[in-house]
Amino acid sequence: MRVAFLSSEAVPFAKTGGLADVAGALPKALREHATDAIIILPHYDQIEPDFLTDKVIDRVPVEWRGGIRPTRVRQSEAAGTSAYLIEAPEYFWRSSIYGYGDDHERFAFFSSAALALCKHLAWQPDIIHGNDWPCGFAITELRARRRYDTFYGPTRTLFSIHNIAYQGSFDAQDLWWLGFGDSPERDDFMLKGSASALKAALIAADALSTVSPRYADEVQTPEQGYGLDWLLRKRRDRFVGITNGVDYDIWNPETDPHIAVNFSAEDLAGKRDCKLDLLRRFGLTPQPERPIIAIISRLVAQKGYDLIRQAAGAILETGAFFIALGAGAKEYEDFLQRWHDSAPQRVGIYKGYAGEPLAHQIEAGADIFLMPSLYEPCGLNQMYSMRYGTVPIVRATGGLDDTVENFDPERGKGNGFKFYPYTASALLEKIREALYFYGKPEAWRRIQRNGMTIDNSWSAVAKKYLEIYKEISKF
Ligand code: ADP
């Protein structure tokens with residue numbers, strides 16, 4: 001089976017969040033199941049040259065704005081399978097991946113180029129697997145092409161939602177020169193007076209998925225569907241939730257090259273060294289007996305920063321250190337700066353996107369990992385944390401609810417702590433409960449081991465995707 005996996009970001013090339021981790025791991029895992037899976041993504045200029053090879057496909061003819069734009073595509077094997085990077089300097093050689101007024105144009109071009117590439121290579125995919133709104137144009141264009149382009153006649157599509165709040169909205173006038181102005185798909189784009197690349201893809205795809213079963217249910221409710229719940233309810237017989245996996249080639253404390261000392265579920269001794277290393281890196285008092293609570297996330301309201309801000313004083317009163325790594329909204333960056341300035345020996349911050357090593361060092365050195373999200377499609381850090389013996393405290397939403405089980409001291413079961421209401425007091429109560437068990441080493445070791453021995457590997461997850469691919473190939 002041939003699968004073209006389209007994504008706007010993928011590890012190790014370019015990353016802002018969890019989608020990159022998925023795109024870097026799932027195609028590789030599919031390959032282990034005898035599937036010919038390739039990745040197609042834009043060629044951003046931030047990509048480290050080491051990941052690129054000299055292999056270039058020149059002059060791929062991309063139909064664009066009424067003409068043909070010959071496009072260069074670079075090839076790389078750095079993600080464990082063939083990756084193709086679409087080169088278009090005017091669109092992708094910019095300082096960040098998203099956030100421009102012409103994002104819809106940039107990713108519409110990427111989408112068209114991805115389809116043109118497969119055709120140019122005469123590599124006929126059985127499945128085009130598109131992810132989030134930037135690939136929505138490809139899913140929609142493919143449906144249109146099936147009407148007139150025999151090459152794509154047999155190809156089926158899966159579209160995965162990694163976060164329904166990002167909808168790729170733009171001025172509907174632009175549909176004309178994007179090539180959808182007079183196509184039957186035109187109306188599928190329309191959402192609240194604008195065009196939405198996400199909505200069109202939700203209609204065009206042969207099947208839909210999202211990144212956890214719980215989130216699949218949640219997005220079908222008006223509270224969490226961001227205006228598209230009705231559409232997902234309508235398509236629920238073709239919509240499934242599959243929890244993401246963890247790439248243990250990258251996130252494994254036994255082999256991780258970024259951390260001070262490697263450790264395992266059987267021998268946690270090295271975790272103490274990692275903790276001291278982490279305290280030193282953030283300039284905090286070297287007191288390894290004090291717990292470290294940490295968070296790594298984009299600084300957006302979704303991630304629960306309003307609760308952390310409200311609870312900040314009380315969190316420090318527990319005696320814990322707090323370490324935060326994040327990039328995003330200025331209001332949260334300012335809050336973190338103020339919090340750090342008020343207690344520089346107790347609150348360590350890194351504002352910005354730090355890349356992989358620091359994220360690994362935090363996972364390894366912290367005791368508790370906080371994810372008080374308002375909503376969370378899957379969440380990856382709670383699963384990384386578990387592997388590193390760092391106990392997650394999460395809000396029971398989306399994938400966090402699916403993957404974290406509350407610790408039950410009587411049965412010795414559970415791998416973390418979760419709270420339900422989206423309030424600072426519920427968060428604080430859970431932090432206090434977790435710290436109570438932190439003070440009981442035997443119970444704490446139990447929670448750590450329970451989490452460290454869970455197998456969340458991609459291999460089992462890839463099999464589930466394969467089943468869907470096979471199912472939709474029959475449509
Ligand atoms: P989301 O996709 O909503 O951002 P996830 O929990 O699914 O959230 O994935 C976030 C990923 O991005 C994790 O691998 C996390 O370590 C990484 N990450 C987030 N912010 C940063 C940052 N500022 N620096 C380094 N890595 C980060």
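By convention here, the first residue in the shown sequence is residue 1. Please read all numbers here as calculations on a predicted model, not as lab measurements. Whatever order the structure lists ligands and atoms in, that order sets their numbers, starting from 1.
- Note on R338 versus D341: no salt bridge recorded, every NZ/NE/NH1/NH2 to OD/OE distance being 4.0 Å or above.
- Salt-bridge annotation for D21 and K15: present, with a side-chain N of the basic residue lying under 4.0 Å from a carboxylate O of the acidic one.
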Take W444 and F437, measure what ring-ring contact (aromatic ring centres under 6.0 Å, His included) needs, and give me the verdict at the end.
-> CA-CA 6 Å; W444 197 253; F437 287 111; 8.1 Å; no
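- Of the options L380, V300, V22, the smallest heavy-atom separation from atom 6 (O) of ligand 1 is shown by L380.
- Polar contact with ligand 1: absent for I296 (N/O pair, distance under 3.5 Å).
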Please assess Y166 against W133 for the test ring-ring contact (aromatic ring centres under 6.0 Å, His included), listing each intermediate value before the final yes or no.
-> CA-CA 7 Å; Y166 298 94; W133 77 263; 9.1 Å; no
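- Numbered from 1 in the order shown, with element, the atoms of ligand 1 that lie under 4.0 Å from a heavy atom of G379 read 6 (O), 7 (O).
- Backbone and side-chain nitrogen or oxygen atoms of R298 are examined, and one is located within less than 3.5 angstrom of a nitrogen or oxygen of ligand 1.
- The residue A20 has no part lying near ligand 1, judged by heavy-atom distances below 4.0 Å.
- Residues R94 and D102 are paired through a salt bridge, judged by an N-O separation under 4.0 Å between the basic side chain and the carboxylate.
- For ligand 1, one of its N or O atoms has an N or O atom of A354 under 3.5 Å away.
- Nearest protein heavy-atom contact of atom 20 (N) of ligand 1 is S297 C, 3.7 Å.
- Checking only distances, K15 does come within under 3.5 Å of ligand 1, N or O to N or O.
- With K418 contributing its side chain and A396 its backbone, the two residues share no donor-acceptor pair below 3.5 Å.
- Contact annotation: for D21 versus ligand 1, heavy atoms closer than 4.0 Å belong to the side chain alone.
- For ligand 1, the atoms lying closer than 4.0 Å to a non-hydrogen atom of A327 are 23 (N).
- The residue E356 has no part lying near ligand 1, judged by heavy-atom distances below 4.0 Å.
- Using a 4.0 Å cut-off between charged side-chain N and carboxylate O, K430 and E433 make a salt bridge.
- Ranking protein heavy atoms by distance to atom 26 (N) of ligand 1, first place goes to Y353 CE1, 3.5 Å.
- Residue contact annotation: G352 has a non-hydrogen atom under 4.0 Å from ligand 1.
- In this structure, R214 does not pair ionically with D217, as no charged nitrogen and carboxylate oxygen lie closer than 4.0 Å.
- Distances from ligand 1 to the non-hydrogen atoms of K303 include at least one value under 4.0 Å.
- Proximity of G326 to ligand 1 is established by a heavy-atom distance of less than 4.0 Å.
- Ring pair F137/F170 is tilted by interplanar angle, where 30° to 60° counts as tilted.
- Less than 4.0 angstrom separates some heavy atom of G355 from each of these atoms of ligand 1: 25 (C).
- Within the 4.5 Å cutoff, side-chain heavy atoms of F369 are placed close to those of I296.
- Taking the ring centre of Y422 as origin, the terminal cationic atom of R395 falls outside the region bounded by 6.0 Å and 45° from the ring axis.
- In this structure, the protein non-hydrogen atom closest to atom 15 (C) of ligand 1 is N381 OD1, 3.1 Å.
- Checked against a 3.5 angstrom limit, the closest N/O atoms of G18 and ligand 1 fall inside it.
- Comment: R74 engages E87 in a salt bridge, judged by a side-chain N to carboxylate O separation of less than 4.0 angstrom.
- By the criterion of a heavy-atom distance under 4.0 Å, the side chain of Y384, and not its backbone, is placed next to ligand 1.
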